[in-house]
Amino acid sequence: MAIEPKTNNVQDVRYEPDERPPLPVAVGLGLQYVAITAASIVLTPALLVGTVGGSDDYLTWVVFSALVVSGVTTVIQVVRVGRLGSGYILLMGSSSAFLAVCVPALERGGGGLLASLIIISSLCQFVLAAKLSLFRKIFTPTVAGTVLILIPVTLASIIVRRLTDVPAEAASAAAPVTAGVTLAVIVAISMRASGAFRLWAAAAGLVIGSLVGGLSFGIYDSERVLEAAWVGLPALAWPGIDLSFGPDFWALLPAFVIVTLVGALDTIGDGIAIQRISWRKPRAIDFQSIQGALAADGLGNLLSGLLGTVPNTTYASSIAVADLTRVAARVVGICAGVMYVGLAFLPKLVAVIVAIPGPVVAAYFIVIMAFLFILGVRILVHDGLDYRKGFAVGLGFWLGLAFQMDWIFPEYFQGAWSELLGNGMTVGGLTVIILTQFVELTGPRPRRLKTELTFENFTKVDDFLSDFAARGKRTPEMTDRIRGVGEEMLVTLSRPQADDGPKPERFLLVVARDDGDAVNLEFAAATDDTNLEDRLALLGERGGGPPVEEEISLRLLRHYASSVRHQQFHDTDVITVRVGPATSL
């Protein structure tokens, strides 16, 4: 985050997370959230079961479980129970990205294998949430973007199969016409509408496509809707959990882990976005909240595996609704979560969605895949595509595509290797991870210093930074700026903590890297709950600034540094300071 002079940039937020809007407003907005997202929650597991030809009982069970898990985890995500949940309106729902790995798992080992893979991969998300500060340089936005643009490639054959899924007696024009109408409606609204109307593009396409399919060609499964009860529970069709851990499990596990971690990166992005629009007064990103969002996401995947349904994730559409309505109150998210669970016990309403014709569902997922592809591109562009990153992404994409299509020496990759390398996301993601780590390991070596976090160790830190500047042949002026940052950071981080209880020994890790004309300094330590970015932003505000002695140190830090980014995690704080030449300020 670049340090800039404080401005009175107040957002027009009607209700912040801690505030309570009138009950009719909360319930009404909760219904709007459910209306926009319910189809995605239901259609993703329905597409999974329909692709592999599962029974109606299994389909009903999977959809019921998806709604219940989505509702429960949405409430936990919003309320924030301990370290579970973000504390913001982040709705949870079935993840279409997982279809690319769930279909082969269900085809090869049934629901038991699928459940075991989801459960084991969900544990990785808990580890990532707990140790986010350690993994932030491995599972980067570059990896996430590459995997996201490969998901449509992996799902292409599944969607094409669903595109022609109509009864044998249906007219030959039934599939192309209904799919074309659905796609045309979604595209027209998405391209021409604005604001709240654009959010209803997918729902409008599904409704109009279903009406065309039902009224013109009779391919809407109205019998399913008529036979479904208004209120009830599904038949118990729990697939169990396969604990044999056979060859199929180990072949598919890497793909599940990669998609899980990519979904986690998407959750991180959603967690940052919802924080930016939820407060009237902008504040620094709370990474503890993001860790909570990841933990709740992991809980959702764990519950999905235990119940044998599709894993879930945060829905970015909930951020769009909160931004449009300017209502970020938690009670709205709670209402939506409760409604998800209630919908699970209303089979007739669920059947209305499940009965949507295959070509309509395929057209809907074509749009979803397009959004996933563009999301991947946006992540890559936002992260910055220099030559090295661009090369890694390009090679990862084409290797993923080639192995997915069996274009590269398929005769040499048989058995377990075929299963492992037959998934484009696995190949592409691993390629980018390996190449980025190669660049990291072979680049200029950063210098490190670990010492006890006390101001008495100022001489150690100062000598370390002076030696680093001398090795880099920095100018005397630049050397003074680097040393000044070290001093002010030590003053700021070593100040006494607020509580009076016993204080464990605290350590400081300083990492210094050359970056062209600039220098990146990273200070990792356990500090208090005050965010340095927020404290810097308070400078100059009347009556709201830090004490005078602390303000002097902060103003000096702002003078020396061209940017400061403070990431607060549960286990540690990481403050990254960029020091540029005087001409860059």
Side-chain angles (χ1 to χ4, degrees), residues 31-51 53-54 56 59-60 62-64 66-67 70 93-94 96 99 155 158-193 197-230 310 315 317 339-340 343-344 346-371:
L31 279 171
Q32 182 178 352
Y33 278 108
V34 172
I36 291 172
T37 57
S40 295
I41 296 176
V42 173
L43 289 179
T44 300
L47 177 60
L48 170 66
V49 178
T51 300
D56 284 345
L59 169 62
T60 305
V62 169
V63 171
F64 170 83
L67 284 167
S70 297
S94 303
S96 57
L99 283 173
L155 285 175
I158 298 172
I159 295 174
V160 169
R161 273 186 279 171
R162 193 66 169 165
L163 196 61
T164 57
D165 184 16
V166 295
E169 64 275 10
S172 59
V177 170
T178 53
V181 169
T182 304
L183 190 60
V185 171
I186 297 177
V187 169
I189 296 177
S190 298
M191 296 294 289
R192 297 303 304 170
F197 293 104
R198 184 178 297 170
L199 296 173
W200 294 94
L206 290 171
V207 170
I208 295 176
S210 298
L211 288 174
V212 171
L215 298 177
S216 302
F217 301 102
I219 60 174
Y220 183 85
D221 191 2
S222 56
E223 290 186 9
R224 177 187 292 273
V225 179
L226 295 174
E227 293 172 358
W230 281 102
V310 180
Y315 275 4
S317 55
M339 290 175 189
Y340 283 153
L343 181 60
L346 301 174
K348 191 173 287 292
L349 295 182
V350 174
V352 171
I353 301 175
V354 175
I356 294 175
V360 176
V361 174
Y364 167 77
F365 274 98
I366 287 174
V367 176
I368 296 297
M369 291 304 106
F371 276 118

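In this text, all values refer to a predicted model and were calculated from it rather than measured experimentally.
- Rounding to the nearest 0.5 angstrom, the gap separating the CG atom in Asp56 from the OG1 atom in Thr60 is 6.0 Å.
- A distance of 12.5 Å separates CG in Leu43 from CG in Leu48, rounded to the nearest 0.5 Å.
- Between Ala344 and Phe64, the closest heavy-atom pair is O-CD1, 3.2 Å.
- In this structure, Ile189 and Val185 have side chains that are in contact, with non-hydrogen atoms separated by less than 4.5 Å.
- Between Leu99 and Ile158 the shortest heavy-atom distance is O-CD1, 4.2 Å.
- Heavy-atom minimum distance, Ile186 versus Ala201: CG1-O, 3.6 Å.
- Among residue pairs with one or both ends in residues 175-193, none qualify as side chain to side chain donor-acceptor pair (under 3.5 Å); sequence neighbours excluded.
- Nearest heavy atom pair, residue Tyr220 against residue Gly214, reads CB-CA, 3.6 Å.
- The nearest pair of heavy atoms linking Ala171 to Phe217 is CB-CD2, 4.1 Å.
- Tyr340 and Tyr33 get closest at one heavy-atom pair: OH-O, 4.3 Å.
- With rounding to the nearest 0.5 angstrom, the CG atom of Leu155 is 10.5 Å from the CZ atom of Arg161.
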Compile the donor-acceptor pairs under 3.5 Å between side chains in residues 350-369 and protein atoms, sequence neighbours left out, one pair per line.
residue : atom : partner : partner atom : Å
Tyr364  : OH   : Ser40   : OG           : 2.3

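- Separating the NZ atom in Lys348 from the CD atom in Glu227 is a distance of 9.0 Å, to the nearest 0.5 Å.
- Formation of a donor-acceptor pair under 3.5 Å by the Tyr315 side chain with backbone atoms of Ser94 is found in this model.
- Atom CG of Leu31 and atom CE of Met339 lie 4.0 Å apart (nearest 0.5 Å).
- In this structure, CD1 on Ile41 lies 8.0 Å from CG on Leu343, to the nearest 0.5 angstrom.
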